[in-house]
Amino acid sequence: MRVGPEDVQVVNSIQLPELITLGGSDTSLNRSTAAERILDQTQSSWRIPGLGSRPGAGWWFFAIFLGLIVVWALSWSIVGRQLAWPRFHDDAFYYLRVAEQVSNGNGFSIDGLHSTNGFHPFWMTLLVVIFVVVPGGIVPAVVVIHLTLFAIVAGIGVATFRAVSPHVRWPAIVVMLSMLLFSRILTSLLDGMESAILALMVSLTILVIVKTRSFEKRGPTNADWLIGFLLALSFMARLDTAFLVASASGYLAVAALLDREESWSDTITMLVKKQVRILLPVVVVALPFFTWNLVEFGSLVPVSGAIKSSFPEPDFAIETVRAEWVHHAMIFPALAGLFFAFREPSRFGMFRAPLAMGVAMIVVHAAYTELFATWGIFVWYFAAYIPFGMIGAGISVEAIGGRLHRYAPEAIAAGAVAIFVASQAGSLSQLDGTFTEGGDNRSFVIAAEIAGEWAAENTPEDARFAMKDSGSFSFHSRRNVSNLDGVIMNMDYQETLCTGDLHDYLIENGVEYLVMHQTEHAAWGDYGNFALRVRCRLDDGQDSLVEVHEEDEVYRSLRYFDGPRETHLIIWRLQPR
């Protein structure tokens with residue numbers, strides 16, 4: 001016999017004489033004691049130690065987590081670089097190089113010449129601290145931090161979901177963790193960037209809202225300042241999480257006005273006080289960063305956001321849905337969880353506020369991305385979606401499982417694990433860091449790492465380079481590298497680029513070497529002289545051309561695949577025109 005939390009009312013409806021009979025001759029047995037005894041006997045089939053009671057199931061996630069560490073440690077020890085999770089994206093090395101420059105007293109700069117604000121401040125601040133503490137071991141330190149944050153996010157998700165009951169069915173937990181370990185989600189949280197700390201802050205915000213119920217009608221106010229502070233840290237972790245802050249504020253307003261019992265004046269007064277307690281910490285925490293932006297760069301928006309947005313003119317970058325469909329799909333379990341939160345308020349009502357906020361944030365953020373984001377849209381843009389999808393999936397399995405056949409929850413969990421295993425197998429078979437039989441490097445990030453190591457050994461310490469997608473190369477070369485994309489430079493550079501005079505600008509700034517990947521013209525055979533095009537990202541500007549000559553080539557990588565294209569990474573000595 002299976003008995004769930006929904007059967008507590010049946011137990012509590014038993015009359016006192018029946019309880020006395022159940023308890024034997026002990027006439028002092030009361031209703032709550034009998035109910036607890038019955039539930040203790042009948043619920044044992046679906047508790048996991050620590051999470052419920054199915055033997056070993058509580059350690060399922062932790063075995064996978066340890067497996068990730070083993071895979072990383074083995075790949076590192078065998079070839080001396082990362083071949084599996086955590087798998088840093090090239091942009092992660094922008095953070096590392098700028099943080100290193102700050103720790104060396106060179107300020108927020110990638111090339112040692114120009115200040116930049118092309119980063120999100122929370123993760124950058126943490127990296128600067130890490131560089132000060134462990135200057136020679138930053139990559140292993142970041143790996144450990146990311147794996148730890150990943151485990152904490154999983155634990156917070158389970159803790160939040162168990163607010164429903166300490167004895168939730170184990171399949172719901174397995175489905176939640178399988179979702180977190182899906183390869184595309186896993187990659188986005190272990191990418192060396194701000195995604196993991198963002199997911200942590202969002203998860204903590206959800207947990208506090210659920211546990212304190214401070215967003216419910218006449219809810220306590222003592223947690224408002226904490227929620228505001230967590231929203232502020234989420235915002236600082238990734239600035240487009242402003243949509244989550246707006247969603248929280250909007251939910252409070254709508255809930256207060258739709259469920260009004262007091263006079264209009266009293267309702268508005270209470271709402272304003274609530275909004276101040278939530279939003280004031282966001283303003284206070286964000287103010288120093290935006291003041292610095294305005295004073296130093298003349299704009300509140302960091303350069304990376306400014307040149308990647310067409311706002312207010314729509315650009316309709318629909319390809320981002322196809323590229324990152326896994327993260328966009330988080331809205332479906334979040335919506336399902338929100339549906340059950342309204343349908344079964346006695347069990348899931350505490351999830352109404354966070355899931356409503358999450359669904360609103362996903363819709364608005366995804367719409368903004370599709371309408372106004374113009375280029376360079378990657379998985380880490382959508383990491384804030386993940387905690388809401390996890391919680392919604394857990395609620396859905398718990399709610400549906402009680403209505404279907406007794407083995408339905410187990411079947412759902414088995415399906416989730418099967419998808420997870422297939423996802424991991426597919427991901428491992430296509431690791432960017434694998435090598436072909438000819439020893440050719442199949443990863444741009446690692447090709448740039450190897451080229452950077454060559455530059456560190458074969459060029460003076462004061463040599464200057466310029467490169468698109470320059471994160472991995474700049475970090476591993478320990479050289480000053482101007483970023484030709486401009487995402488980690490500033491608007492002055494972008495305006496110079498858009499005049500068409502980039503070649504002369506680089507020469508005037510002492511750039512001696514040009515590094516390029518995706519070089520179809522020079523990838524094979526003799527190529528003579530040609531001009532590399534660097535795209536302008538501003539309206540009413542023009543692209544720049546940088547001239548290179550075959551005789552000035554000083555380095556060529558092994559062939560590798562940059563996406564579907566086979567190419568080389570090439571370094572030229574840059575000459576005046």
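For this chain, numbers begin at 1 and follow the sequence in order. None of the values given here were measured: they were computed from a predicted structure.
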Q: What are the two closest non-hydrogen atoms of Ala353 and Phe215, and how far apart are they?
A: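 Scanning both residues completely, I find the closest heavy atoms to be CB-CB, 3.6 Å.
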Q: Does one side chain, of Ser309 or Tyr368, offer a donor that lies under 3.5 Å from an acceptor on the other?
A: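 The criterion, which ignores hydrogens and geometry beyond distance, is satisfied for Tyr368 and Ser309.
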Q: Does the side chain of Asp266 come under 3.5 Å of the side chain of Ser263 through a donor N or O and an acceptor N or O?
A: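 Looking only at side-chain atoms, Ser263 and Asp266 do form a donor-acceptor pair, the distance falling under 3.5 Å.
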Q: Can you check whether Ile362 reaches Val359 side chain to side chain, under 4.5 Å on heavy atoms?
A: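 No, too far: nothing below the 4.5 Å cut-off.
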Q: Tell me every residue that passes side chain to side chain donor-acceptor pair (under 3.5 Å) with Tyr94, counting only those two or more places apart in sequence or in another chain.
A: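 Residues passing side chain to side chain donor-acceptor pair (under 3.5 Å) with Tyr94: Asn483.
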Q: What class does the angle between the rings of Trp292 and Phe297 fall in, given that below 30° is parallel, 30 to 60° is tilted and above 60° is perpendicular?
A: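 Rings of Trp292 and Phe297: perpendicular, over 60°.
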Q: Can you give me the closest heavy-atom contact between Met176 and Val158, atom names plus distance?
A: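 In terms of heavy atoms, the two residues are closest at CE-N, 4.2 Å.
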Q: Would you give the length of the straight line joining atom CE of Met361 to atom CG of Leu355, rounded to the nearest 0.5 angstrom?
A: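 One gets 11.0 Å once the value is rounded to the nearest 0.5 Å.
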Q: Mind checking the CD1-CG spacing from Ile156 to Leu200? Nearest 0.5 Å is all I need.
A: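 One finds 5.0 Å between CD1 of Ile156 and CG of Leu200.
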Q: Mind listing the closest non-hydrogen atom pair of Leu127 and Ala99 along with its distance?
A: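 Looking at all heavy atoms of both residues, the closest pair is CB-CB, 3.7 Å.
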Q: Is there a donor-acceptor pair under 3.5 Å between the side chain of Thr374 and the backbone N or O of Ser310?
A: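 Looks like no, no N/O pair under 3.5 Å.
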Q: Does some side-chain heavy atom of Glu100 sit less than 4.5 Å from a side-chain heavy atom of Ile138?
A: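 A side-chain contact is absent here, since even the closest heavy-atom pair is not under 4.5 Å.
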Q: Below 4.5 Å, heavy atoms only, C-beta onward: do Ser396 and Phe340 meet side chain to side chain?
A: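 In short, these two side chains touch, coming nearer than 4.5 Å.
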Q: Given side chains that start at C-beta, do those of Phe93 and Arg97 come closer than 4.5 Å, heavy atoms only?
A: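 Phe93 vs Arg97: side chains apart.
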Q: Using the side-chain contact (heavy atoms from CB on, under 4.5 Å) rule, take Met330 and Met179 through it: C-alpha gap first, then chi angles, then the decisive distance, then the call.
A: CA-CA 10 Å; Met330 291 294 104; Met179 178 181 294; 4.0 Å; yes
Q: Which pair of non-hydrogen atoms, one from Ser115 and one from Asn490, has the smallest distance, and what is that distance?
A: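 So the two residues come closest at O-ND2, 2.9 Å.
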Q: Donor-acceptor pair, distance only, cut-off 3.5 Å: does the side chain of Ser249 make one with the backbone of Ala246?
A: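 No, Ser249 side chain to Ala246 backbone: no donor-acceptor pair under 3.5 Å.
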Q: Within a strict 4.5 Å, meaning less than it, do heavy atoms of the Tyr95 and Met193 side chains meet?
A: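 Yes, their side chains come closer than 4.5 Å.
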Q: Carefully, step by step, assess Trp375 and Asp485 under the rule side-chain contact (heavy atoms from CB on, under 4.5 Å).
A: CA-CA 11 Å; Trp375 63 286; Asp485 304 309; 4.3 Å; yes
Q: Can you list the steps and then say if Ile110 with Ser474 is a side-chain contact (heavy atoms from CB on, under 4.5 Å)?
A: CA-CA 8 Å; Ile110 190 74; Ser474 63; 3.8 Å; yes
Q: Write down the atom of Leu497, the atom of Arg535, and the distance for their closest heavy-atom approach.
A: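 Heavy-atom minimum between the residues: CD2-O, 3.4 Å.
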Q: What is the minimum heavy-atom distance between Ile227 and Thr212, and which atoms define it?
A: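 What the structure gives for the nearest pair is CD1-OG1, 4.5 Å.
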Q: Taking Asn293 for the side chain and Leu300 for the main chain, is one N or O donor matched with an acceptor at less than 3.5 Å?
A: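 Answer holds: yes.
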Q: With side chains defined as the heavy atoms from C-beta onward, is the minimum distance between Phe88 and Val142 less than 4.5 Å?
A: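 In short, these two side chains touch, coming nearer than 4.5 Å.
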Q: Suppose we call two aromatic rings close when their centres sit under 6.0 Å apart. Are Phe235 and Phe122 close by that rule?
A: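 Here the rings of Phe122 and Phe235 have centres that are no less than 6.0 Å from each other.
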Q: Compile the donor-acceptor pairs under 3.5 Å between side chains in residues 384-391 and protein atoms, sequence neighbours left out, one pair per line.
A:
{"from": "Tyr385", "atom 1": "OH", "to": "His365", "atom 2": "ND1", "distance (Å)": "2.6"}
{"from": "Tyr385", "atom 1": "OH", "to": "Ala366", "atom 2": "N", "distance (Å)": "3.3"}

Q: Roughly how far apart are Leu207 CG and Thr160 OG1, rounded to 0.5 Å?
A: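 Between atom CG of Leu207 and atom OG1 of Thr160 there are 4.0 Å.
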Q: Taking CZ in Phe243 as the centre, count heavy atoms belonging to other residues, nucleotides or ligands within less than 6.0 Å. Is the count above 12?
A: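 Above 12, so yes.
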Q: To the nearest 0.5 Å, how far apart are CG in Leu180 and CZ in Phe150?
A: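 Here the interatomic distance stands at 4.0 Å.
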Q: Could you check if a side-chain atom of Ser188 sits within less than 4.5 angstrom of a side-chain atom of Trp380, using non-hydrogen atoms only?
A: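 They are not in side-chain contact.
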Q: Can we call the ring centroids of Phe378 and His89 under 6.0 Å apart?
A: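 Not close enough - the centres of the two rings lie 6.0 Å or further apart.
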Q: Can a donor-acceptor pair be found between the side chains of Gln101 and Ser109 at a distance below 3.5 Å?
A: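 No donor-acceptor contact under 3.5 Å links the two side chains.
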Q: Could you tell me whether the side chain of Lys274 and the main chain of Ser214 form a donor-acceptor pair under 3.5 Å?
A: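 Yes.
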Q: Report yes if the side chains of Phe289 and Leu239 come closer than 4.5 Å at any heavy-atom pair, otherwise no.
A: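 Sidechains of Leu239 and Phe289: in contact.
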Q: Begin from the C-alpha positions of Leu252 and Gln275 and carry the test side-chain contact (heavy atoms from CB on, under 4.5 Å) through to its verdict.
A: CA-CA 8 Å; Leu252 289 173; Gln275 297 277 15; 4.1 Å; yes
Q: Using modelled atom types and a 3.5 Å cut-off, is there a donor and acceptor pairing between side-chain atoms of Tyr493 and backbone atoms of Ile488?
A: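 No, because the side chain of Tyr493 does not come within donor-acceptor range (under 3.5 Å) of the backbone of Ile488.
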Q: Looking only at atom types and distance, does a side-chain atom of His146 sit under 3.5 Å from a main-chain N or O of Gly192, one as donor and one as acceptor?
A: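 Flag set: sc His146 to bb Gly192 pair under 3.5 Å.
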Q: One thing to verify: whether Arg352 and Glu216 come together as a salt bridge, which I'm taking to mean a side-chain N less than 4.0 angstrom from a carboxylate O.
A: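 Here Glu216 does not pair with Arg352 in a salt bridge, since their nearest N and O are not under 4.0 Å apart.
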Q: Look only at the side chain of Thr496 and the backbone of Asp492, and say whether a donor-acceptor pair between them is shorter than 3.5 Å.
A: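 Side chain of Thr496 to backbone of Asp492, a donor-acceptor pair under 3.5 Å: yes, one is there.
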Q: Please round to the nearest 0.5 Å and tell me the distance separating atom CD of Gln494 and atom CG of Leu538.
A: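 Atom-to-atom, Gln494:CD and Leu538:CG are 4.5 Å apart.
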Q: Between CG of Asp90 and CZ of Phe475, what distance do you get to the nearest 0.5 Å?
A: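 Asp90 CG to Phe475 CZ: 12.0 Å, rounded to 0.5 Å.
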